[in-house]
Amino acid sequence: MSSRILVAGIGNIFLGDDAFGVETVKLLAGRALPPGVQAVDFGVRGLDLTYALLEDWQAVILIDAAPCGGAPGALYVIEPELDEASEPASLPLDAHAMQPDRVLRLVASLGGRVRHLLVVGCEPSPLEGYDIQSGLSPPVAAAVNEAADLVESLLAKLLMSPCDSAPR
């Protein structure tokens, strides 16, 4: 069986550093990725991501802004526990507020299962007000290439490991 891995960039391009995932997956899409790897910009389209996750993927890598308290531009690899995310969503859902945890719950509600999930996150700079902000802050923009390299490293590890094991 050939490997199938989804790399999903998520975020809002109108909210500054929230576009980190979108910009990183755009860079990855221009690189030669291994066979079976799909890099897709989902932006804020949580329902599209939900339906994509219903497919049988060996692994999924989500790329997103992740405020964890570090310095802006810091990168994180997070391997969330999927037990909580596999609890079905309680409907109704707001299609305009589909954070990754809600997407995973909707996938479970629809009978799907994500076997292995990694999140590549970047610490955003604080958002100034609620106005539309296009473009990434300098520290987050500087992290995009490093994040793409990190994703490629994770892909190499995932493709070398058995289907349901985590990269080491």
Side-chain angles (χ1 to χ4, degrees), residues 4-34 36-55 57-82 85 93-107 112 114-128 130-158 166-167:
R4 294 191 66 230
I5 300 173
L6 175 64
V7 179
I10 54 179
N12 188 330
I13 62 170
F14 299 114
L15 293 178
D17 289 346
D18 195 56
F20 168 76
V22 171
E23 293 299 324
T24 303
V25 87
K26 188 185 306 181
L27 179 62
L28 282 166
R31 295 183 178 186
L33 296 175
V37 174
Q38 289 184 2
V40 180
D41 167 11
F42 284 96
V44 295
R45 298 181 339 267
L47 287 176
D48 289 345
L49 177 58
T50 299
Y51 289 119
L53 293 177
L54 290 173
E55 294 182 33
W57 301 101
Q58 171 189 342
V60 175
I61 300 174
L62 297 179
I63 308 172
D64 197 8
C68 295
L75 295 176
Y76 311 106
V77 177
I78 303 163
E79 190 166 3
E81 291 292 326
L82 291 175
L93 291 170
D94 180 357
H96 299 288
M98 294 287 289
Q99 294 87 7
D101 61 327
R102 287 183 173 196
V103 167
L104 292 170
R105 285 192 168 102
L106 184 55
V107 168
V114 175
R115 290 193 272 168
H116 187 194
L117 175 66
L118 295 172
V119 177
V120 173
C122 181
E123 186 72 42
S125 294
L127 189 61
E128 297 173 14
Y130 292 100
D131 293 332
I132 292 175
Q133 296 180 20
S134 64
L136 301 175
S137 67
V140 172
V144 168
N145 194 57
E146 184 182 349
D149 293 344
L150 176 59
V151 169
E152 287 181 320
S153 162
L154 293 171
L155 288 169
K157 290 176 184 176
L158 286 167

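Just so it is clear, the values below take in all heavy atoms, side chains as well, and ignore hydrogens, waters and symmetry mates.
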| message | Show, in sequence, the C-alpha distance, side-chain angles and deciding distance for H116 and Q58, and conclude whether the side chain to side chain contact (heavy atoms under 4.5 Å, CB included) test is met. | response | CA-CA 7 Å; H116 187 194; Q58 171 189 342; over 6 Å; no
| message | Are the side chains of L28 and V151 in contact, using a 4.5 Å heavy-atom criterion? | response | yes
| Criterion side chain to side chain contact (heavy atoms under 4.5 Å, CB included) against T24, the qualifying member of L75, L150, I63 | I63
| field | Evaluation steps, side chain to side chain contact (heavy atoms under 4.5 Å, CB included), between L33 and I5 | value | CA-CA 11 Å; L33 296 175; I5 300 173; over 6 Å; no
| At what distance, to the nearest 0.5 angstrom, does NZ of K26 lie from CD of E23? | 4.0 Å
| remark: Between L27 and A148 the two heavy atoms that sit nearest each other are CD2-CB, 3.7 Å
| Reported CG-to-CD distance for the pair L117 and E81, which is rounded to 0.5 angstrom | 11.0 Å
| field | Euclidean distance, L47 CG relative to L106 CG, rounded to 0.5 Å | value | 6.5 Å
| request: For G73 and V140, work out which heavy atoms get closest and say how close. | output: N-CG2, 4.0 Å
| note | Note: F20 and D64 closest approach over all heavy atoms is CD2-O, 3.5 Å
| Nearest 0.5 Å, what's the OG1-CG distance between T50 and L54? | 7.5 Å
| Measuring from L118:CG to L158:CG, what's the distance to the nearest 0.5 Å? | 5.5 Å
Got a list of side-chain donor-acceptor pairs under 3.5 Å for residues 6-18, not counting sequence neighbours?
| from | atom 1 | to | atom 2 | distance (Å) |
| --- | --- | --- | --- | --- |
| N12 | OD1 | F14 | N | 2.8 |
| D17 | OD1 | S137 | N | 2.7 |
| D17 | OD1 | S137 | OG | 3.1 |
| D17 | OD2 | S125 | N | 2.7 |
| D17 | OD2 | S125 | OG | 3.4 |
| D17 | OD2 | S137 | OG | 2.8 |
| D18 | OD2 | N12 | N | 2.6 |

| request: Would you mind reporting whether L104 and L53 have side-chain heavy atoms less than 4.5 Å apart? | output: yes
| From R115 atom CZ to R4 atom CZ, the distance as rounded to the nearest 0.5 Å | 9.5 Å
| request: Taking Y76 for its side chain and G70 for its backbone only, find out whether a donor-acceptor pair lies under 3.5 Å. | output: yes
| remark: Of C122, P124, P72, the one forming a side chain to side chain contact (heavy atoms under 4.5 Å, CB included) with P67 is P124
